Amino acid sequence: MSQKSIAVLTSGGDAPGMNAAVRAVVRSGINMGMKVYGVYRGYNGLLNGDLKEMNLRSVSEIIGNGGTMLYTARSEEFKKKEAQEKAADYCRSMGIGGVVVIGGDGSFRGARALTEAGINCIGVPGTIDNDIACSEYTVGFDTAMNTAIDMIDRIRDTAQSHDRCSIVEVMGRRCGDIALQTGIAVGATAILVPEVDFNIEKDVIQRIINTQKTGKKHFIIVVAEGVGKKHYKHSARELATYIEHRLGIEARATILGHVQRGGSPTVRDRVVASQMGYKAVELLKNDIGNRVVVMREGKITDLDITEALDMERVFDMDLYKVAMTISI
Ligand code: ADP
Ligand code: F6P
């Protein structure tokens, strides 16, 4: 029997820890007796034949690096059925029987399509947003939050020196998890997320006034980018202008942006990425495809891709209540 071959690719937005997942897939695959190919620039690599056979040393010294050594891409072409068939034919021509796709839920839709075209695929959740309903955790989330709190601690130094209000927008697409946990960790006076309706007067202005009464003179407001996307007038800049006019205190807006996507992954991201990469290879080794590796109740397990994609995200309202109670 010929040696089993698998491939690994990263797709969608990069996230710190993707390299650790690639390393785990390559090393697990080789150590389980398989040939492993690294595919460059997401699904595009399968359409252009842009891949390379990896060895144990190809993934040396990458576990601590941000970004992805395989590069990543958003491939519009791959959404077409003909492209998916072409990629599946290419995999067959290379003897590749399985592909590990590290990315977000868009990438998982691609993985399902490629499985339907005949190549077993396994998804591994890699995105800073933590917005994948089927998994309690996505690789990159912890690092992004640690970067955000480091940046906000710096912003606090200057806000404090000037008795100012700083409004900080964090990433997360439509998900408020980065904002919620980061907001708690920096002691934000208010945290605005797209999952919870709010009233600016009650949930921002009144909270600032209440803390002013206790002697506080500088304020951090954390806003999820999804809030500004939903209502432009609630973007960080608009909020800063509103607070200045309404309360007569100086306010400044900072959009943290892509700084949150880079940097060396934290222990948590390195370890979870390693566990998830290993689990993905174990499934492919057993000829199992169309699954997503997930974290549920703190354990690494797997789910059917369609079942996973149909799940609805549940925002952690208990944690939100904690934040609202202790931040004044
Ligand atoms: P993420 O994986 O971070 O959610 P995207 O939504 O941009 O990022 O998806 C990444 C890539 O996955 C897309 O550029 C495309 O190549 C592929 N993809 C997304 N949706 C589909 C789909 N419905 N069918 C096939 N491929 C898809
Ligand atoms: O999904 C990760 C993410 O960084 C989101 O938080 C953000 O909305 C988006 O990607 C930004 O995408 P781009 O890198 O294309 O600007």
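Counting begins at 1 with the first residue of the sequence. Values in this document were obtained by computation on a predicted structure and should not be read as measured data. Values below: every heavy atom of this structure, side chains too, minus hydrogens, waters and symmetry copies. Read the numbers this way: they start at 1 and go in the same order the structure lists the ligands and their atoms.
With hydrogens left out, the protein atom closest to atom 13 (P) of ligand 2 is H258 NE2, 3.6 Å, a heavy atom. When hydrogens are left out, the protein atom nearest atom 1 (O) of ligand 2 is D129 OD2, 2.6 Å; that is the closest non-hydrogen contact.
Looking only at distances, no side-chain donor or acceptor of R164 sits under 3.5 Å from a matching main-chain atom of T158. With hydrogens and angles ignored, the 3.5 Å screen pairs a side-chain donor or acceptor of Q84 with a backbone N or O of K79. In this structure, the side chain of R23 does not engage the main chain of S60 through any donor-acceptor pair within 3.5 Å.
Using a 4.0 Å cut-off between charged nitrogen and carboxylate oxygen, R313 and D177 count as a salt-bridge pair.
Aromatic ring pairs are classed by plane angle as parallel below 30°, tilted from 30° to 60° and perpendicular above 60°; the pair Y43 and F78 is parallel.
For F108, the ring-ring contact (aromatic ring centres under 6.0 Å, His included) criterion is met by no residue, not counting sequence neighbours.
Taking 4.5 Å as the limit, some side-chain heavy atom of L46 sits within range of a side-chain heavy atom of L114.
Just one residue in the list E53, M54, M34 forms a side chain to side chain contact (heavy atoms under 4.5 Å, CB included) with V26, and that residue is M54.
Looking at R74, R173, R261, Q260 and measuring to atom 4 (O) of ligand 2, the nearest heavy atom belongs to R261. Considering E225, R174, M171 only, the shortest heavy-atom separation from atom 8 (O) of ligand 2 involves E225.
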Polar pairs, ligand 1 vs protein, N/O only, below 3.5 Å.
unit_1   : atom_1 : unit_2 : atom_2 : d
ligand 1 : 2 (O)  : G104   : N      : 2.9
ligand 1 : 2 (O)  : G104   : O      : 3.3
ligand 1 : 2 (O)  : S107   : N      : 2.9
ligand 1 : 2 (O)  : S107   : OG     : 2.5
ligand 1 : 4 (O)  : D105   : N      : 3.4
ligand 1 : 4 (O)  : G106   : N      : 3.0
ligand 1 : 7 (O)  : R74    : NE     : 3.1
ligand 1 : 12 (O) : G106   : O      : 3.4
ligand 1 : 14 (O) : S75    : N      : 2.7
ligand 1 : 16 (O) : S75    : N      : 3.3
ligand 1 : 16 (O) : S75    : O      : 2.7
ligand 1 : 18 (N) : G106   : O      : 3.2
ligand 1 : 20 (N) : G106   : O      : 3.3

